[in-house]
Each structure stands twice: as structure tokens, then as C-alpha cells.
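Please read the structure below before turning to the comments.
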Amino acid sequence: VKRFVPSHELLPRAEKGELAAVARLLTRAEAGEPEVRETLSRVYAKAGRAHVIGITGVPGSGKSTMCSVLARKLRASGKKIGIIAIDPSSPYSGGSIMGDRIRMQDLADDEGIYIRSMATRGSTGGMARATLDTADILDVAGYGVVLIETVGVGQDEVEIASASHTTLVVSAPGLGDEIQAIKAGILEIADVHVISKADKPEARSTVTDLKQMLTLGLSLSQEQKWIPPVVATSSLNNTGFDELVTAIEKHKAHLDTGEPGLQRARRIASFRMLKTAEELLRDQFRKGSAERAARIASALAERKVSPYLAGEQLLAGVVKGISQ
Ligand SMILES: Nc1nc2c(ncn2[C@@H]2O[C@H](COP(=O)(O)OP(=O)(O)OP(=O)(O)O)[C@@H](O)[C@H]2O)c(=O)[nH]1
Ligand SMILES: [Mg+2]
């Protein structure tokens with residue numbers, strides 16, 4: 001029988017890059033049990049070295065394939081690369097992710113690339129908190145770049161992608177996708193726009209259309225210090241990735257000038273604070289307030305209290321529980 005190794009003992013091993021310790025710590029962080037919280041605080045204090053890149057886009061736009069190629073490219077710098085996929089179906093395990101057309105090299109054979117899939121199914125809503133804790137753990141384990149892939153559908157997932165240092169928004173050629181991206185409101189969170197599948201003939205007009213649209217938006221907000229570039233890549237032909245890496249590096253340099261980086265850090269911090277508070281609230285609701293909630297709801301149903309007062313009463317009990 002394996003001895004339960006406390007999280008605080010796993011941390012120094014993870015910091016040395018021991019994969020088994022990293023994996024166990026990640027599992028604990030994802031579950032978010034009280035036992036790991038103290039360790040996560042220490043992780044948070046130590047993190048902040050890695051460049052975190054959020055990648056989002058509508059389903060099927062080519063995010064996972066792009067992550068694989070980008071990770072390989074970034075590896076050339078010698079840095080270790082972490083990939084967090086908030087989508088268990090994401091094909092990173094190698095094999096035939098380009099259908100029958102090409103076979104991606106297996107990323108798993110590179111010790112310097114660590115891939116972690118986050119379980120979204122059955123998640124209790126703490127996905128953002130868990131994802132960003134995961135990024136911190138990879139950071140302290142020496143991963144210099146952490147890529148986070150989220151499907152650009154659903155507010156939480158879009159927000160997670162934007163809670164990174166550099167956010168890539170992926171659009172695939174074809175008007176359908178583009179309209180979807182606009183609808184999902186994800187274009188505006190881009191630090192870098194990536195048109196994927198540039199090997200397709202329609203890609204040219206997608207680039208033109210997107211640039212035109214961005215120019216229109218630009219005239220509204222003057223004095224924008226960072227103008228998101230548009231980069232076209234093909235994972236199939238392995239083109240555009242030098243440009244993509246350059247765009248990412250430029251954006252990092254922009255953040256490093258001072259104020260933009262501080263602003264970004266504060267934005268990420270308030271997002272994490274709110275998401276963690278949300279998770280604590282939800283936990284507390286689940287734990288003990290079902291009976292009380294039922295009581296308050298009856299009073300509400302009988303119109304003895306107002307919905308606002310009922311909400312306040314429910315919250316008062318929950319908040320007291322948290323501060324205990
Ligand atoms: N022609 C072409 N097809 C590509 C390229 N990149 C990806 N694809 C194909 O597009 C499809 C979706 O690719 P994925 O990388 O799984 O896309 P995704 O955005 O991660 O998809 P979800 O995670 O399901 O949202 C696959 O069939 C890929 O083979 C490319 O550069 N060129
Ligand atoms: Mg994917």
C-alpha cells in the first residue's frame with residue numbers, strides 16, 4: 001500500500017521536476033481538498049516565472065494541433081513546455097490528429113513537454129481556479145511556457161483563456177467560423193489573432209476580412225498601446241509558426257515594459273480572487289445550507305419574505321460558514 005505523501009512533501013520534489021510528484025500535486029490541486037491549500041499558497045508565492053499563453057477559438061478551429069506544433073517550436077529555446085487542455089477530447093497523444101492526412105509526432109516522447117488534461121465533466125465549477133493553480137504548479141516545476149487550450153464557448157472558458165499573459169484567439173477559414181467567433185465575443189480578448197489552416201484556399205480572405213474588421217474596431221479606441229497582430233499558420237504545412245513565436249515574444253516584451261504587465265497581473269489576480277470566492281461559496285452551499293435554504297424558500301413561496309431578503313438571508317448563513 002502506498003503511503004499518503006502530504007502535499008507539502010510533494011512540492012520540493014515537483015520543484016526539482018520529478019514528474020510523478022508533479023502529477024500527484026496536480027491531481028490534488030484539481031480536487032482542491034483542504035489538505036492541498038496551504039501548499040498551493042506556497043506554490044502561488046513562488047510562481048510567476050512562466051509565460052502563460054491562453055489559446056481559444058471555436059470548436060474544431062485547430063487549437064490542439066496548433067498547440068502541438070507551437071510546443072515543438074518553443075521547445076527549441078530549451079525551455080520546458082506545459083500544456084493544459086481543458087477538453088478531455090483534445091488529441092495530444094499523437095497518432096492521427098490530422099485525420100488521415102498527416103501524423104503528428106508524438107509529443108509524449110519529449111520529456112520536456114508535459115500535457116495535462118483537465119476534467120471538465122463532473123467538475124464542480126472550480127475549473128478556472130483549478131486550471132490556474134495547475135499553471136502555477138507547472139511554473140514552479142520549471143516549465144518556462146505554459147499553454148492553456150480552452151474551447152471558446154462558454155464564459156468560464158473564454159475567461160480562463162484571457163487570464164493568461166498572452167491570449168491567442170484562433171479563427172479557422174470560412175465565414176461560418178468567423179461569425180461564430182464574433183458571436184462568442186472572443187475576438188476582443190485576443191493579444192494575437194491566429195488564422196489557422198492557412199493551407200486552405202479560403203484562408204486569404206479570412207485574413208483580409210479579419211484585418212478589416214479589426215481596423216474598424218481600432219478607430220473607436222484610440223491610443224491602444226498594443227495592436228493585436230494577425231498571424232496565419234498551417235499546422236499541416238508547418239508554416240507561420242516563426243511569425244507566431246515572434247508575435248508572442250513581442251507581446252511578452254510589451255508586458256515587460258512595466259505598466260501593461262502590471263495591469264495584466266492585476267486583472268488576472270482579480271479574476272482568480274473572484275473565481276476562488278465563487279468556489280468557496282459553492283462549497284459552503286453544498287455543505288450545510290440545504291435545509292436552511294429549503295426553509296427560506298418556503299417562506300419566500302408563502303410571500304413572507306421578498307426574494308431579495310431571502311437571498312440575503314441565505315448568503316448571510318453561507319458567508320458566516322466560510323469565515324469560521
Ligand atoms: N487543413 C488543415 N487542417 C487542420 C489544420 N490544423 C488542424 N486541422 C484539422 O482540423 C480539425 C480540428 O483540429 P483540432 O486541432 O482538434 O481543433 P481544436 O480547435 O482543438 O478542436 P476542439 O478541441 O474540438 O475544439 C482536425 O480534423 C484537424 O486535422 C491545418 O493547419 N490545416
Ligand atoms: Mg482541441
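Because only heavy atoms are used, hydrogens play no part in the values below, and waters and symmetry mates are left out as well, while side chains stay in. Heads up: numbering here begins at 1 and tracks the sequence. When a ligand or atom number is given, it counts from 1 through the structure's own listing order.
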Ring-face cation contact, F241 with K73, 6.0 Å cut, 45° max: no
Heavy atoms of other groups near E38 CD, more than 12 under 6.0 Å: no
L236, portion touching ligand 1 at heavy-atom distance under 4.0 Å: both
N-O pairing of K46 and E15 below 4.0 Å: yes
Backbone or side-chain N or O of S64 under 3.5 Å from ligand 1 N or O: yes
Atoms of ligand 1, numbered as shown, that sit under 4.0 Å from any heavy atom of E149: 20 (O), 23 (O)
Close approach of S234 to ligand 1, heavy atoms, under 4.0 angstrom: yes
Ligand 1 N/O within reach of K197 N/O, cut-off under 3.5 Å: yes
S64 backbone or side-chain N/O/S under 2.8 Å from the Mg ion (ligand 2): yes
Donor-acceptor pair between H251 and T166 side chains, under 3.5 angstrom: yes
Selected option - heavy-atom contact closest to atom 17 (O) of ligand 1, from A203, G62, S196: G62
Rounded distance [0.5 Å steps], CD1 in I248 versus CG in D191: 10.0 Å
Return all side-chain donor-acceptor pairs below 3.5 angstrom for residues 300-319, not counting sequence neighbours, or 'none' if the list is empty.
from : atom 1 : to   : atom 2 : distance (Å)
E302 : OE1    : K304 : NZ     : 2.7
S306 : OG     : L309 : N      : 3.1

ILVMFWY network linking L255 to L168, side-chain heavy atoms under 4.5 angstrom: no
Salt bridge (Lys or Arg N to Asp or Glu O under 4.0 Å) partners of residues 246-259, not counting sequence neighbours, each pair once: K252-D256, E259-R266
Heteroatom of E149 nearest to the Mg ion (ligand 2) (N, O or S, atom name): OE2
Of the listed options D199, I195, T65, closest to atom 1 (N) of ligand 1 (non-hydrogen atoms): D199
Test of proximity, G60 against ligand 1: N or O pairs below 3.5 Å: yes
M66 to ligand 1, any heavy atom closer than 4.0 Å: no
Ligand-side contact atoms (ligand 1) for residue partner P59, heavy atom cut-off under 4.0 Å: 25 (O)
